[in-house]
Every structure is written in C-alpha cells, then in structure tokens.
Amino acid sequence: MAAAPIHFYFDFISPYGYFASLRIEELAARHGRKVEWHSMLLGVSVLKVMGLKPLLDTPLKGDYVRRDVRRYIRRDALPVARNVDSPMTDPLPAARAFHWVKQQRPELAAAMAHAIYAAIWVQGHDLPTAAAVASIDLPAGIDADWLNAGIESDEARTLLRTAVDASIKAGIFGSPTVVVDGEAFWGTDRLPDVDAWLSTGGW
C-alpha cells in the first residue's frame with residue numbers, strides 16, 4: 001500500500017508559502033510520498049477566526065518579517081520581483097482558479113499552483129480578476145478561456161468555500177502548513193522537522 005500523501009496548505013499571498021512550494025515536492029519524493037495541495041485563505045484564518053492583524057501590520061513582528069523574507073530571498077538567490085510590502089489585491093480569483101483546476105484536472109493542480117505563485121512572486125503581477133489569472137503563463141493542458149469561465153462559476157466559489165472551511169476544521173491557521181500522517185508543522189522553517197519526522201517515523 002502506498003504511503004499517505006503529505007498535505008501542503010498555502011495561501012498565494014504568503015511569501016513563506018511560496019518559499020515552501022519550491023521545496024515540498026522534492027522533500028516528499030525523498031520519502032516516497034506524494035503531495036496533496038490545499039489553497040487556504042489567511043484572511044479567514046488569521047483575521048476572521050483568530051482575530052489578529054495581518055502579519056506585516058503587527059508591531060515589531062512586521063519589521064522582523066520584512067527582514068526575514070528579504071534574507072531568505074538573498075540566501076537562496078530567488079528571482080522575486082514582488083516587494084513584500086506591495087499591496088496584495090483580491091486573492092480569491094487565484095484561489096478559485098486553483099480549486100477549479102484541482103477539481104476538474106487534478107493531475108495539473110500542482111502545476112497550476114506553481115504557475116500562480118510564479119506570476120505573483122517571480123513576475124510581480126497582481127491577479128485581482130479571473131481574466132488576470134487566465135492571462136498568466138498557464139500549464140500545458142489548461143485553456144485560458146476555460147479557466148476564466150471556471151473561476152467565475154458558482155462551482156469554483158463553492159469549491160473554495162468548502163476548502164477553506166475544511167482547512168479551519170483541520171486546525172490550519174498559517175501558510176505554509178504541512179501535515180504528515182495527522183501531525184501539523186507550521187512554517188517554512190519547520191520543513192527540516194518534516195524531513196526528520198519522515199526519516200524517523202516521528203517522535
């Protein structure tokens with residue numbers, strides 16, 4: 001029997017989610033695992049459920065995060081065009097696009113997540129509308145008109161609401177969060193712990 005997949009929760013507006021997205025598949029493959037991708041919304045988990053301010057608006061912590069993100073980018077020489085302080089537009093179209101593709105073409109879900117992350121963070125684009133998302137460099141096999149219509153559909157809206165509700169019920173509050181056999185690890189800096197957990201069977 002194949003080992004259960006690793007569950008990877010992320011928000012496209014999260015730089016840390018982007019950083020982890022570049023590493024999670026290689027990490028999982030080393031341990032014979034696949035990755036199940038889950039787009040969530042920090043605006044729901046952090047602002048509405050937890051009642052907290054956005055990370056960058058939090059005194060003291062916001063300044064630290066700005067330095068930490070830039071430090072990470074420099075260390076790994078990542079081609080990031082977006083400034084961490086750039087205002088982030090409506091994240092819903094991108095999240096709906098991901099869940100639409102995941103529902104209709106599940107084999108392309110990871111590729112779609114990478115394409116959206118690249119558009120936002122590598123190229124520095126805002127994706128506030130369905131048309132904007134459909135105009136990015138899409139994975140092979142995804143038609144722009146088909147995607148645009150899907151994002152605007154009631155089904156995509158329902159898929160996203162259902163996914164966000166499920167993430168809250170699963171106790172997910174931050175991006176990225178990796179869940180291994182029921183054990184949750186929050187933050188890019190916990191990926192070494194995920195690796196160790198998979199290597200040892202946990203502790």
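- The closest donor-acceptor contact from the side chain of Arg82 to the backbone of Val122 lies at 3.5 Å or more, if one exists at all.
- With hydrogens and angles disregarded, a donor-acceptor distance shorter than 3.5 Å links the side chain of Asp143 to the backbone of Trp146.
- Leu198 and Trp203 fall within the same hydrophobic cluster, defined by Ile, Leu, Val, Met, Phe, Trp and Tyr side-chain heavy atoms under 4.5 Å apart, directly or through other members.
- For the ring pair (Phe, Tyr, Trp, His ring centres under 6.0 Å) test, residues two or more places apart in sequence or in another chain that qualify with His38 are His7, Tyr9.
- The ring pair (Phe, Tyr, Trp, His ring centres under 6.0 Å) check on Trp37 picks up Phe8, Phe10, His114, with sequence neighbours excluded.
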- Message: One pair to check against side-chain contact (heavy atoms from CB on, under 4.5 Å): Val65 and Val69. What are the steps and the verdict?
- Response: CA-CA 6 Å; Val65 168; Val69 166; 4.0 Å; yes
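- Of the residues Arg67, Arg66, Lys61, the one that meets the side chain to side chain donor-acceptor pair (under 3.5 Å) test with Asp63 is Arg66.
- The shortest non-hydrogen separation linking Ala130 to Pro93 is N-CB, 4.0 Å.
- Side-chain atoms of Trp121 never come within 3.5 Å of backbone atoms of Pro79 as a donor-acceptor pair (strictly under, hydrogens ignored).
- For the pair Pro176/Thr188, a side-chain contact is recorded, criterion being any heavy-atom separation below 4.5 Å from C-beta on.
- Within the 4.5 Å cutoff, the side chain of Val179 has no heavy atoms near those of the Ile6 side chain.
- Closest approach of Val35 to Ala28, counting heavy atoms only: CG2-CB, 3.6 Å.
- Around the CG atom of Asp85, the shell of radius 6.0 Å holds more than 12 heavy atoms that belong to other residues, nucleotides or ligands.
- Electrostatic pairing of Lys34 and Glu36 does not count as a salt bridge here, judged by no charged N lying under 4.0 Å from a carboxylate O.
- Using modelled atom types and a 3.5 Å distance limit, the side chains of Asp189 and Tyr16 yield no donor-acceptor pair.
- Here the closest non-hydrogen pair linking Gly174 and Leu42 is CA-CD2, 4.0 Å.
- The CG atom of Leu41 lies 13.5 Å from the CD1 atom of Ile172; values are rounded to the nearest 0.5 Å.
- The backbone N or O of Phe19 lies less than 3.5 Å from no partner atom in the side chain of Arg23, so there is not a single donor-acceptor pair.
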- Run the side-chain contact (heavy atoms from CB on, under 4.5 Å) check on Tyr18 and Phe12 step by step: do they pass? CA-CA 7 Å; Tyr18 169 58; Phe12 288 114; over 6 Å; no
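- Checking side-chain atoms of Asp76 against main-chain N and O of Leu78 turns up no donor-acceptor pair under 3.5 Å.
- Of the inter-residue distances, the one linking Leu160 atom CG with Lys102 atom NZ reads 11.5 Å to the nearest 0.5 angstrom.
- The main-chain N or O of Ala134 is never found under 3.5 Å from a side-chain atom of Asn148 such that the two would form a donor-acceptor pair.
- A salt bridge links Asp181 with Arg33; the closest basic N to acidic carboxylate O contact falls under 4.0 Å.
- Cation-pi geometry between Arg75 and Tyr72 is satisfied (NZ or CZ under 6.0 Å from the ring centre, within 45° of the ring normal).
- Here the side chains of Gln103 and Val101 are not in contact, with every heavy-atom distance at 4.5 Å or above.
- Atoms CG and CD1, on Leu138 and Ile116 in that order, are 8.5 Å from each other to the nearest 0.5 Å.
- Contact check for Val178 versus Ile24: side-chain heavy atoms found under the 4.5 Å cut-off.
- For the atom pair CD1 of Ile136 and OH of Tyr117, the computed distance is 13.0 Å after rounding to the nearest 0.5 Å.
- Considering Val194, Asp195, Asp193 as possible partners of Val180, the one that fulfils the side chain to side chain contact (heavy atoms under 4.5 Å, CB included) test is Val194.
- For the pair Arg105/Met112, no side-chain contact is recorded, criterion being any heavy-atom separation below 4.5 Å from C-beta on.
- A 4.5 Å side-chain heavy-atom check between Ile168 and Ser45 finds at least one atom pair inside the cut-off.
- Closest non-hydrogen pair, Ala163 versus Ser39, comes out as CB-O, 4.3 Å.
- Shown here for Pro87 and Asp126, the closest heavy-atom pair between the two residues is O-OD1, 3.9 Å.
- Using a 4.0 Å cut-off between charged nitrogen and carboxylate oxygen, Glu25 and Arg30 do not count as a salt-bridge pair.
- Note: Ser175 OG to Ile13 CD1 = 8.0 Å, rounded to the nearest 0.5 Å.
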- Message: Applying salt bridge (Lys or Arg N to Asp or Glu O under 4.0 Å) to Glu152 and Arg157, what does each step give before you reach the verdict?
- Response: CA-CA 8 Å; Glu152 297 282 22; Arg157 290 176 169 82; 3.7 Å; yes
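- Side-chain atoms of Ile151 and Trp100, non-hydrogen and from C-beta on, never get closer than 4.5 Å to each other.
- Ser153 places a side-chain N or O within donor-acceptor distance of the main-chain N or O of Ala156, the cut-off being under 3.5 Å.
- The closest side-chain heavy-atom distance from Arg70 to Asn83 is below 4.5 Å.
- A salt bridge is defined here as a Lys NZ or Arg NE, NH1 or NH2 lying under 4.0 Å from an Asp or Glu carboxylate O, and Arg161 with Asp154 fails to meet this definition.
- In terms of the ring pair (Phe, Tyr, Trp, His ring centres under 6.0 Å) criterion, residue partners of Trp186 (sequence neighbours excluded) are, by chain and number, Phe173.
- Here the CZ atom belonging to Arg96 is positioned 9.5 Å from the OG1 atom belonging to Thr158, to the nearest 0.5 angstrom.
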